Number of protein chains: 2
Amino acid sequence: MKDGVDRRSRILTTAGELFAARGVQTTTVREIGDAVGVLSGSLYHYFDSKEEIVLEIVSAFIGELRDRSLSVAASTSEPVSCLRELFAATTDVLLAHQDACLIYQNDATCLNTWPGFRPLADQMREIHLIWAGVVEDGVEAGHIRVEVDPSLFAYLAIDSICDSLNWSRSVDGVGFATVANICTEVLLSGCLNQ
Amino acid sequence: MKDGVDRRSRILTTAGELFAARGVQTTTVREIGDAVGVLSGSLYHYFDSKEEIVLEIVSAFIGELRDRSLSVAASTSEPVSCLRELFAATTDVLLAHQDACLIYQNDATCLNTWPGFRPLADQMREIHLIWAGVVEDGVEAGHIRVEVDPSLFAYLAIDSICDSLNWSRSVDGVGFATVANICTEVLLSGCLNQ
DNA sequence: GTCTATATTGAGATAGAC
DNA sequence: GTCTATCTCAATATAGAC
């Protein structure tokens, strides 16, 4: 209990920044300790392993993304509006979990080799199915082009919004929110009829 | 000299598959040796380091992608046709370098920490500038919507085509070429005027 | 050119004093 | 709850015989 925020949270935040910037495997527990201002061994008072730190960061992100996506899909029946709201909700959640999203994106291959990541991979699949379902409804309602495979568009949309984080750090003068909005507009108008 | 193909090439191919499937850092030189049918130490007769193996695989991919993109941009003046041809050329190059592309995508954070990757990162920036230039021409010619930031669209397009590789392995019954084509159509019609 | 054997390093993690 | 000190292990890479 210090600094106004408890140490455990500080470790999660700091580790998240390092993991996002340099990758999970490249970041050592010693670097995390240094950045927090504590010896690496002391981290193990709060966490059982480095893996546990990563999973806690990423699960907060994926969990919230799933909950928000579910509630959007449940509350909006018109497919195209619903799709637009899914974009907005996703952008919103990413804003609050930028490091976690970067970790998930950039270290997916690594995370997928961890048995402890299974439940999170399942949640991501759930999110993907929510999007694909909405797109499918849109196709059936005649608003979305039939050539657009729902499952594929779901991947395209979700990954693009997540990638916006990376891009907004490379394109100067343009913030993440703006980048995400442009992605949304391009992808939406690219999938709609006429 | 064996199997009709020399061992050095076999090492590159096999290592590429492993790196693409499980990540660069997760794959050990012992696993590569096992897969090739040779002891890990013997790999060092052909390469100075594991890093060198990775860089050789990825540089073949990025080099070809750069050359093809340059020649497309040089030979086609009408922006929208040129953009369409960039999509096609990129899809084409990826088909021949699937593993390399997956490595580049999934281990970018790791590669970026290697000094030896610098020149390849520069080549990728070159490719990005080619795309952005073409999009900018399209905006000025009035064919592409002004809201579409050229640099951003370049990221969106290139990353989406590369990601198609991952997606085509998840969406069953749809090959990479089809996935890449749908991406191309959605992104093109999403950025064009009217 | 491939092997056996091993050097070397750096990482995650632990034990126990304070 | 943090430190000192260290264990353990796995990975890259090397030396030298065959």
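Note that the coordinates shown come from a computational prediction; the quantities given were computed from them, not determined experimentally. Throughout, protein chains are lettered first and strands after them, A, B, ... in sequence-line order, and every chain is numbered starting at 1.
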Exercise. Write down the distance between CD1 (Ile53(B)) and C1' (dA11(D)), rounded to a whole number of angstrom.
Key: 14 Å

Exercise. Name the nucleic acid region contacted by Thr27(A), choosing base, sugar-phosphate or nothing; use a 4.0 angstrom heavy-atom cut-off, strictly under.
Key: sugar-phosphate

Quiz item: Are Gln25(A) and Asp107(A) linked by a side-chain donor-acceptor pair shorter than 3.5 Å?
Solution: no

Quiz item: Counting N and O atoms only, with roles assigned by atom type, does the side chain of Thr14(A) sit under 3.5 Å from a partner on the main chain of Ile11(A), one being a donor and the other an acceptor?
Solution: no

Exercise. Taking the six-membered ring for Trp and the full ring for Phe, Tyr or His, determine whether the centres of Phe87(A) and Trp131(A) are under 6.0 Å apart.
Key: yes

Practice problem: Using a cut-off of strictly less than 4.0 Å, decide whether Arg8(B) has a side-chain nitrogen or oxygen near OP1 or OP2 of dG1(C). | Solution: no

Quiz item: Quick one: is Ser42(A) getting a side-chain N or O under 4.0 Å of the dC3(D) phosphate, OP1 or OP2?
Solution: yes

Quiz item: In whole Å, what is the span from the CZ atom of Arg10(A) to the P atom of dT2(D)?
Solution: 11 Å

Self-check item: Main-chain N/O of Val38(B) paired to Ser42(B) side chain as donor or acceptor, under 3.5 Å
Solution: no

Practice problem: Calculate the interatomic distance between Asp34(B) atom CG and dT2(C) atom P; express it in whole Å. | Solution: 15 Å

Quiz item: So does Arg30(B) reach the base of dA10(D) with its side chain, donor to acceptor, closer than 3.5 Å?
Solution: no

Quiz item: Whole Å only: how far is the NE2 atom of His45(B) from the P atom of dT14(D)?
Solution: 14 Å

Quiz prompt | Integer-rounded Å distance: dA10(D) C1' and Gln25(B) CD | solution = 14 Å

Quiz item: Which whole-number value in Å describes the distance from Leu18(A) CG to dA11(C) P?
Solution: 14 Å

Practice problem: When you get a sec, tell me which of dC3(D), dG12(C), dA13(D) is the closest nucleotide to the side chain of Val29(A)? | Solution: dG12(C)

Quiz prompt | Options dG12(C), dT12(D), dT4(D), nucleotide nearest the side-chain atoms of Tyr44(A) | solution = dG12(C)

Quiz item: Can you check the Phe47(A) CZ to dT2(D) P distance for me, whole Å?
Solution: 12 Å

Quiz item: Asp6(B) has an atom CG; how far is it from atom P of dG1(C), in whole Å?
Solution: 10 Å

Exercise. Check whether any side-chain N or O of Thr28(A) sits under 4.0 Å from OP1 or OP2 of dA11(C), and answer yes or no.
Key: no

Self-check item: Side-chain donor or acceptor of Ser164(A) paired with backbone N/O of Ser160(A) under 3.5 Å
Solution: yes

Practice problem: Using a cut-off of strictly less than 4.0 Å, decide whether Tyr46(A) has a side-chain nitrogen or oxygen near OP1 or OP2 of dT2(D). | Solution: yes

